[in-house]
There are 2 protein chains.
Amino acid sequence: MKISTKGRYALEALTYMASLEKDTPVNIREIADQTGIPLKYLEQIFFRLRKSGILVAKRGPSGGFLLNPALPQITVGDVVRAVETDIKPVVCLKSREHCESGIYDTCVTRLLWKRISDAVESVLDGVTLQSLGDAYKEKKS
Amino acid sequence: MKISTKGRYALEALTYMASLEKDTPVNIREIADQTGIPLKYLEQIFFRLRKSGILVAKRGPSGGFLLNPALPQITVGDVVRAVETDIKPVVCLKSREHCESGIYDTCVTRLLWKRISDAVESVLDGVTLQSLGDAYKEKKS
DNA sequence: ATAATTCCTATTGACAATATAGGAATTAGG
DNA sequence: CCTAATTCCTATATTGTCAATAGGAATTAT
């Protein structure tokens with residue numbers, strides 16, 4: 001029951017960005033240095049975050065990334081879903097076809113996994129990046 | 001964010017056992033056959049479940065395993081904790097020493113993981129094997 | 001033009017989860 | 001007592017996914 005480093009890294013990097021409250025692009029190298037996340041790995045993560053619309057990129061000198069200003073209410077759930085390949089605790093929650101045992105209709109444990117999955121997503125969806133960034137600023141000051 | 005097969009297998013096997021409501025030992029081979037879990041793998045899982053007191057074993061011919069009759073209220077949380085090596089979504093929830101980043105005190109994302117972990121465990125601890133066994137019996141009839 | 005940056009994919013490396021194997025210990029029943 | 005059935009326990013192999021590295025293409029400010 002582990003959160004992948006992709007999810008952790010994404011959130012730590014974005015929390016840092018949110019705390020800056022900048023409206024000009026932030027250099028990814030600066031973020032990597034400040035957070036200790038491997039640069040090239042962070043590039044991959046930001047690539048996904050941009051494709052999913054959470055980040056906006058600007059290339060070339062003095063380029064960088066910016067939290068999408070059109071989406072002021074990005075949640076942790078948005079972020080984790082963008083970078084994590086599988087957010088469900090068991091594959092059979094994705095669809096009937098993913099059930100590996102052929103007893104989909106009489107499976108009682110799946111209902112339990114569903115409750116867990118719902119509980120997790122409800123926490124994830126209830127926290128915004130903004131609030132994390134604010135808390136981070138608060139703690140550093 | 002995956003539940004390991006150890007956790008799933010353990011729960012499926014025990015649900016099956018609970019549904020039988022037997023007070024004589026159940027052969028592990030029967031359970032493996034009925035659930036499709038690899039026999040030798042299930043042996044390992046049951047080994048842990050016995051060590052943690054959830055199961056009672058009887059060796060020799062007509063031996064087998066029995067849900068510990070002294071513990072009528074075993075929860076899913078008990079089971080998962082017995083077989084899963086790591087139930088926490090990030091290691092830094094275990095103790096300060098497990099923090100990998102050296103910013104334990106100002107880490108804001110850890111508080112989020114904590115909320116998720118608590119939400120998960122609260123579901124796990126709120127469901128008994130008995131209730132799963134009953135639901136299973138119900139569905140099969 | 002050049003240098004700084006993001007973009008994108010491929011590949012490698014490391015590690016934990018999964019599964020298999022084999023024999024030791026125990027015990028019921030003849 | 002002997003045998004066969006079972007759990008007990010540890011070691012090892014296998015697999016798969018995650019994590020990380022690498023390298024060059026595309027873009028753009030100066």
Side-chain angles (χ1 to χ4, degrees), chain A residues 1-13 17 24-33 35-68 80 82-91 100-101, chain B residues 1-10 12-13 17 24-33 35-68 80 83-91 100-101:
Chain A
M1 203 64 188
K2 280 269 168 284
I3 295 280
S4 74
T5 58
K6 275 211 184 72
R8 285 198 289 120
Y9 286 170
L11 212 55
E12 283 165 18
M17 289 180 73
T24 53
V26 184
N27 189 310
I28 195 177
R29 179 164 288 128
E30 170 192 339
I31 301 170
D33 288 346
T35 57
I37 301 168
L39 173 63
K40 292 299 268 182
Y41 195 31
L42 190 59
E43 267 189 15
Q44 287 182 44
I45 293 169
F46 271 26
F47 179 52
R48 294 192 194 203
L49 290 171
R50 183 187 57 77
K51 276 199 300 181
S52 72
I54 291 171
L55 288 176
V56 173
K58 179 141 183 299
R59 296 211 251 184
S62 78
F65 292 90
L66 206 57
L67 286 167
N68 190 341
V80 171
V83 300
E84 207 102 350
T85 47
D86 249 330
I87 193 176
K88 307 279 187 207
V90 291
V91 290
E100 291 153 345
S101 70
Chain B
M1 201 66 188
K2 281 269 168 286
I3 296 278
S4 74
T5 58
K6 273 212 184 72
R8 285 199 288 121
Y9 286 171
E12 284 165 18
M17 288 180 74
T24 54
V26 184
N27 189 311
I28 195 177
R29 179 164 289 127
E30 170 191 338
I31 301 171
D33 288 346
T35 57
I37 301 167
L39 173 63
K40 292 298 267 182
Y41 195 30
L42 190 59
E43 266 189 16
Q44 287 183 43
I45 294 168
F46 271 26
F47 179 52
R48 295 193 193 203
L49 291 171
R50 184 187 56 78
K51 275 199 302 181
S52 73
I54 291 171
L55 288 176
V56 173
K58 179 142 184 296
R59 296 211 251 183
S62 78
F65 293 89
L66 207 56
L67 285 167
N68 189 340
V80 171
V83 300
E84 207 103 350
T85 46
D86 249 331
I87 192 176
K88 307 278 186 208
V90 291
V91 290
E100 291 153 344
S101 69

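Within every chain, numbering begins at 1; the chains are lettered A, B, ... in the order of the sequence lines, protein sequences first and strands thereafter.
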Return no unless some side-chain N or O of A/Lys58 is found under 4.0 Å from OP1 or OP2 of C/dA4. no
Round to the nearest Å and state the distance from B/Lys51 atom NZ to D/dT10 atom C1'. 11 Å
Check A/Glu43 with A/Arg29, please: is the shortest side-chain N to carboxylate O separation under 4.0 Å? no
Distance-only criterion, 3.5 Å: show the donor-acceptor pairs between side-chain atoms of residues 50-62 of chain B and protein atoms not counting sequence neighbours.
| unit_1 | atom_1 | unit_2 | atom_2 | d |
| --- | --- | --- | --- | --- |
| B/Ser52 | OG | B/Arg48 | O | 3.4 |
| B/Ser52 | OG | B/Leu49 | O | 3.1 |

Within the pair B/Arg59 and C/dA28, is there a side-chain N or O less than 4.0 Å away from OP1 or OP2? no
Starting at the 5' end of nucleotides 15-22 of chain C, put B wherever the base has a protein heavy atom under 4.0 Å, S where only the sugar-phosphate does, and a dash everywhere else. --SBBBBB
Length of the CZ-P vector between B/Arg50 and D/dT6, whole Å: 18 Å
What is the separation between atom NZ on A/Lys2 and atom C1' on D/dC18, rounded to the nearest whole Å? 14 Å
Between A/Gly60 and B/Val26, which has a closest nucleotide on DNA chain D that is more 5'? B/Val26
How many Å lie between CZ on A/Arg29 and P on C/dC7, as a whole number? 14 Å
Could you work out, with ring pair (Phe, Tyr, Trp, His ring centres under 6.0 Å) as the rule, every residue matching A/Tyr41, not counting sequence neighbours? A/Tyr9
Give B/Phe65 one of three labels, base, sugar-phosphate or nothing, depending on what nucleic acid heavy atoms sit under 4.0 Å from its own. sugar-phosphate
Measure the distance from CG on A/Leu49 to C1' on C/dT6 and round it to the nearest whole Å. 14 Å
Going by distance alone, is a donor N or O of one side chain under 3.5 Å from an acceptor N or O of the other, for B/Glu12 and B/Thr35? no
Quick one: closest heavy-atom pair of B/Leu67 and B/Met17, and the distance? N-CE, 4.1 Å
Between CD of B/Glu30 and P of D/dT7 the distance, given in whole Å, is 11 Å
Just how far, in rounded Å, is P of D/dA20 from CZ of A/Arg48? 14 Å
Phosphate oxygens OP1/OP2 of C/dA4: is one of them under 4.0 Å from a side-chain N or O of A/Asn27? no
